[in-house]
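To start, the structure itself, in structure tokens.
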Amino acid sequence: MAIAKRSVQFSFDPKTLDRKWQDRWSNDKLYHVADTSEKQNWFEMTMYPYPSGDTHIGHWYAMAPSDAHARFRRMQGYNVLHPMGFDSFGLPAENAAIRRGIHPYKWTMDNISNMKKQFYSMGTIYDWDREVNTCQPDYYKWNQWFFLKLFENGLAYRSNAPVNWCGQCQTVLANEQVINGKCDRCESVVIHRDLEQWFFKITNYAEELLSFDKVIDWPEKIKTLQENWIGKSFGVQVKFDLSHLQISTPEIETFTTRIDTLFGVTFIVLAPEHNLVSELTTPDNKEKVEKYINTTREYSEIERLSTERDKTGVFTGSYATNTINGNKVPIFIADYVLMQYGTGAVMGVPAHDQRDFEFAKKYDLDIIRVIAKNKNDTESLEEAYTESGILTNSGKFDNISNEEAKIKIAEHLEQLNLGIRTTTYRLRDWLISRQRYWGTPIPIIYCGDCGIVPVPEKDLPVILPPDAEFKPTGESPLKYHPEFINCKCPNCGNDAERETDTMDTFVDSSWYFLRYPNPKYDNAPFDLNKLKLWNPVDQYTGGAEHAVLHLMYSRFFVKALRDIGLFKFDEPFLRLFNQGMIIANHQKMSKSRGNVIAPDDYVLEFGADVVRIYLMFLGPWDQGGDWIDSGINGMARWINRVWNISTINSNKFTLTKENQDLTRTTHKLIKNVTEDIDRFKFNTALAFMMEFTNYLNQISENNNATPEQWNFAIKSLLLLLAPIAPHITEELWELTGNQYSIHNQSVPSFNPKLIEDETTTLVIQVNGKVRDTIEVGINTEKEKAEEIALSSEKIQPYLVNQAINRIIYVPDKLVNIVIK
RNA sequence: GCCGAGGUGGCGGAAUGGUAGACGCGGUGGACUUAAAAUCCAUUGUCCUAAAAGACGUGCGAGUUCGAGUCUCGCCCUCGGCACCA
């Protein structure tokens with residue numbers, strides 16, 4: 001795509017400037033971060049990228065503002081660690097290997113070196129001595145180490161679980177490889193299969209993850225998203241009697257949040273995977289049931305995703321007894337009941353649950369209304385009644401409110417030992433197995449005699465063999481790598497086999513913030529002394545698309561490692577800020593649309609600073625922005641004006657007495673910009689600076705400053721702009737005779753007393769409509785202000801023959817004359 | 001369906017309940033120039049008007065208030081996330 005041409009004639013050459021200062025900073029190790037200093041440490045991170053090969057404007061949009069904020073903290077006197085790394089395991093590398101025959105390692109490392117060059121061209125303060133790269137054995141070794149720790153502590157386990165299966169490729173697919181229910185490689189429909197998989201027991205932490213007491217500042221939105229994901233609900237586990245069937249268990253347990261509707265149960269539904277299904281199925285239903293289970297097992301993603309899908313199910317032939325009223329109800333299986341939630345069994349109350357209602361209609365089951373809108377309510381139901389109401393058809397519980405009944409019936413069941421109040425969560429355990437090559441090998445050995453044997457710590461890392469063969473079969477190359485698979489059991493020494501699955505890459509990102517303080521430490525994942533200096537992270541920034549997965553997994557990791565005793569803190573990220581999405585010319589950017597903004601081209605044309613400024617000016621960072629090509633010239637124009645105005649020789653100013661207004665405006669600028677950058681409001685911070693530049697032009701033209709105050713104004717402007725536009729401000733800092741480097745200076749401070757205005761514009765309203773504005777001294781008395789307002793020539797006509805009801809006075813702001 | 005964010009000029013966007021449209025883009029007119037670009041100056045919500053003055057104006061409809069883009073209630077639309085969770 002062609003880029004916007006520069007229409008500005010710069011007074012300087014941005015390309016030369018960028019290079020000059022980037023090299024100087026790099027040679028001087030200006031951004032080297034010591035672990036300790038006389039300053040307070042501040043750990044500010046932005047989410048590390050996947051090394052896709054080319055930085056696009058989205059990377060810049062995430063990184064430039066966070067870099068500016070970190071630089072700003074640095075100038076506020078903190079010792080700032082603002083590191084960068086690469087989330088370098090993952091699918092695209094493997095696909096490149098299969099499609100183009102490039103080894104994932106080479107592909108990844110080439111991309112990383114390219115992206116590092118691009119980050120360098122942005123003028124970021126990343127200290128590359130602290131780089132973290134997750135595909136290196138010295139990093140993923142610790143993934144394996146953590147896995148062993150979690151395993152030892154009962155937080156990692158192996159279990160059978162359904163996976164996405166592509167029949168064409170004969171392999172398992174990760175969720176992200178399933179696009180609209182189809183395989184992303186061969187486009188055939190994906191079905192479900194059961195496989196033995198490894199899980200992390202995140203559900204142990206469901207309750208603690210719901211609490212955000214230990215964070216300082218997180219967006220409400222993200223907290224809510226996590227709360228919804230965890231999905232806590234209160235309900236009752238209630239038993240239905242099966243004793244008459246004489247099978248292995250005398251009862252079946254269901255979970256419900258609507259125990260008040262217990263008298264309305266007309267059927268029971270089990271998930272097809274429920275372990276009682278085979279026992280409950282009577283011989284004459286056997287064929288039907290098995291057929292249903294098989295089709296369910298092979299149900300496609302597409303069907304499952306469809307909301308409007310008909311409820312289907314099949315009768316097992318058996319009945320259960322609802323002990324509260326002795327009713328016999330039929331037992332069905334249906335795939336709308338999920339094995340993973342609650343007990344995998346549901347009591348069907350068609351009158352008060354829409355899904356049950358549809359199911360009952362389809363299979364012609366009874367619908368018994370037990371909650372009435374009011375006492376006279378006898379209407380028949382067109383759909384489930386899910387509102388609150390009064391109990392009916394419910395024996396001794398009739399005529400009480402359903403909210404009351406929830407408690408009464410639960411207590412009743414508990415007394416009879418037929419039910420118990422419980423809490424259930426939607427959150428599932430974290431499935432970490434991936435049937436892929438380019439990831440961390442799971443450090444487990446399977447021995448015919450000893451079973452599951454963890455790889456001993458001393459044998460870590462289990463190295464990913466570099467000489468794997470990549471064939472377009474879709475299967476993990478590790479499955480065909482005998483040297484990798486075959487090994488000796490660490491326990492008994494007999495022949496054994498290695499696990500060939502690798503870990504989900506979210507494992508890598510769940511603790512990388514613990515590695516930045518000591519990326520090369522090799523006795524442990526981290527040196528506790530270093531860790532204490534930096535962690536937890538003071539400020540984290542990144543896209544909201546990671547609201548649940550990455551951010552919740554990281555929280556889980558920290559809590560689990562804390563409980564294992566590795567450190568004491570509870571949360572990984574104390575403050576979180578989510579930037580919005582950047583779009584281009586009103587459209588989402590995509591390769592197919594051909595509207596992807598390539599930052600490199602703009603950097604060559606305009607210089608890094610102009611691109612940085614534009615990204616921060618486009619809109620409020622948290623709400624995203626619209627990159628409109630023509631807009632960038634405005635930033636170039638402005639920065640050129642900053643250049644021109646900064647290079648004016650201050651000796652030309654001949655005023656001997658200070659211009660109070662300039663002093664006031666300069667101090668206001670400092671206040672406003674400081675506050676705005678602090679809260680990531682770069683767009684308004686820049687607007688203030690632009691306004692100030694326009695103002696300085698007037699001052700210069702009218703020669704309305706002393707040399708000293710002019711210098712102070714320019715110096716303040718440069719210092720405030722330095723975090724956002726590091727190259728040009730550094731050059732101007734030098735040109736104006738200051739000492740290298742501007743980035744080692746402090747943010748200028750303002751004097752609140754000097755900000756106070758002497759006069760203010762008083763708005764005069766009549767009945768809330770602005771009729772006049774009058775300049776008055778600050779702190780004008782009410783009586784005086786009213787007098788001024790009433791005597792205004794513009795106001796007079798409105799008051800002729802009018803009775804004044806009252807007068808509102810807001811000091812220093814307005815007078816509102818209320819007439820009839 | 002549920003949860004969240006949002007709806008303001010031609011465009012991106014500003015506005016602790018107190019002058020709506022800061023700042024920037026784009027447009028128009030002018031200066032400079034042989035000319036153009038760049039730069040600078042002026043102007044730029046709509047209607048009415050020669051102008052002044054005025055009227056209208058923040059998705060729609062009500063309400064609270066001396067005063068509402070901002071608060072309350074009820075709708076409509078857009079974008080993001082979740083989605084048979086019993």
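Each chain gets a letter, A, B and so on, in the order the sequences are listed, and its residues count up from 1.
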Assess [X] against [Y]: is NZ or CZ under 6.0 Å from the centre of the six-membered ring, and within 45 degrees of the ring's axis?
| X | Y | result |
| --- | --- | --- |
| A:Arg421 | A:Phe234 | no |
| A:Arg612 | A:Phe606 | no |
| A:Lys782 | A:Tyr809 | no |
| A:Arg555 | A:Trp229 | no |

Who does [N] pair with, Watson-Crick or G-U, both distances under 3.5 Å?
| N | answer |
| --- | --- |
| B:G12 | B:C23 |
| B:G6 | B:C77 |
| B:C47 | B:G54 |
| B:U28 | B:A42 |
| B:U70 | none |
| B:C82 | B:G1 |

Distance between the [atom1] atoms of [N] and [M], in whole angstroms?
| N | M | atom1 | result |
| --- | --- | --- | --- |
| B:C47 | B:C11 | P | 15 Å |
| B:G74 | B:G67 | P | 23 Å |
| B:A20 | B:A38 | C1' | 34 Å |
| B:G26 | B:U19 | C1' | 26 Å |
| B:G4 | B:A86 | C1' | 24 Å |
| B:C32 | B:A37 | C1' | 12 Å |
| B:G81 | B:U46 | P | 37 Å |
| B:U64 | B:U49 | P | 37 Å |

Using whole Å, what does the distance between atom [atom2] of nucleotide [N] and atom [atom1] of [X] come to?
| X | N | atom1 | atom2 | value |
| --- | --- | --- | --- | --- |
| A:Asn644 | B:C40 | CG | P | 9 Å |
| A:Gln587 | B:C11 | CD | C1' | 15 Å |
| A:Tyr809 | B:C66 | OH | C1' | 16 Å |
| A:Gln9 | B:A36 | CD | P | 15 Å |
| A:Lys221 | B:C82 | NZ | P | 11 Å |
| A:Asp812 | B:U19 | CG | P | 14 Å |
| A:Leu814 | B:U65 | CG | C1' | 13 Å |
| A:Phe255 | B:C84 | CZ | P | 17 Å |

Which nucleotide sits closest to the side chain of [X]: [options]?
| X | options | answer |
| --- | --- | --- |
| A:Asn816 | B:C66, B:C25, B:A14 | B:C66 |
| A:Lys769 | B:G4, B:C56, B:G12 | B:C56 |
| A:Leu225 | B:G81, B:C25, B:G24 | B:G81 |
| A:Val346 | B:G12, B:A86, B:C82 | B:A86 |
| A:Phe617 | B:C66, B:A55, B:C23 | B:C23 |
| A:Glu691 | B:G12, B:A22, B:U19 | B:A22 |
| A:Arg771 | B:A55, B:G6, B:G18 | B:A55 |

Across the strands shown, which category fits [X] at heavy-atom distances under 4.0 angstrom: base, sugar-phosphate, nothing?
| X | value |
| --- | --- |
| A:Ser7 | sugar-phosphate |
| A:Ile808 | base |
| A:Val337 | base |
| A:Gly231 | nothing |
| A:Asn694 | sugar-phosphate |

* **Residue pair A:Phe506, A:Trp430: steps toward the ring-ring contact (aromatic ring centres under 6.0 Å, His included) verdict** => CA-CA 10 Å; A:Phe506 278 114; A:Trp430 175 12; 7.3 Å; no

* Asked: Considering the options A:Ile331, A:Val346, A:Asp356, A:Val349, which one meets the side chain to side chain contact (heavy atoms under 4.5 Å, CB included) requirement together with A:Phe267?
  -> A:Asp356

Short side-chain N/O contact to [N] OP1/OP2 from [X], under 4.0 Å:
| X | N | answer |
| --- | --- | --- |
| A:Arg806 | B:C66 | yes |
| A:Arg426 | B:C82 | no |
| A:Tyr798 | B:G54 | yes |
| A:Asn633 | B:G24 | no |
| A:Lys681 | B:A15 | yes |
| A:Ser233 | B:A86 | yes |
| A:Asn683 | B:A14 | yes |
| A:Lys588 | B:G80 | yes |
| A:Arg637 | B:A38 | no |

* Does B:G69 fall in syn (glycosidic angle within 90° of 0) or anti? -> anti

* Asked: Ignoring hydrogens and angles, are the base of B:G18 and the side chain of A:Gln765 linked by a donor-acceptor pair under 3.5 Å?
  -> yes

* Asked: For the side chain of A:Lys311 and the base of B:C84, is some donor closer than 3.5 Å to an acceptor across the two?
  -> yes

* **Closest-nucleotide ordering on RNA chain B, the 5'-leading residue of A:Met581 and A:Gln698** =>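 Result: A:Gln698.
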
* **RNA chain B: 5'-proximal contact among A:Asn640 and A:Thr773 (nearest heavy atom)** => A:Thr773

* **Derivation and outcome, salt bridge (charged side-chain N to carboxylate O under 4.0 Å, His left out), residues A:Arg258 and A:Asp260** => CA-CA 5 Å; A:Arg258 292 296 306 275; A:Asp260 51 319; 3.0 Å; yes

* Could you tell me whether the side chain of A:Trp627 reaches within less than 4.5 Å of the side chain of A:Ile583, counting heavy atoms only? => no

* Parallel, tilted or perpendicular: which describes the rings of A:Trp218 and A:Phe212, with under 30° parallel and over 60° perpendicular? -> tilted

* Structure fact -> Between A:Ile222 and A:Leu551 the two heavy atoms that sit nearest each other are CG2-CD1, 4.1 Å

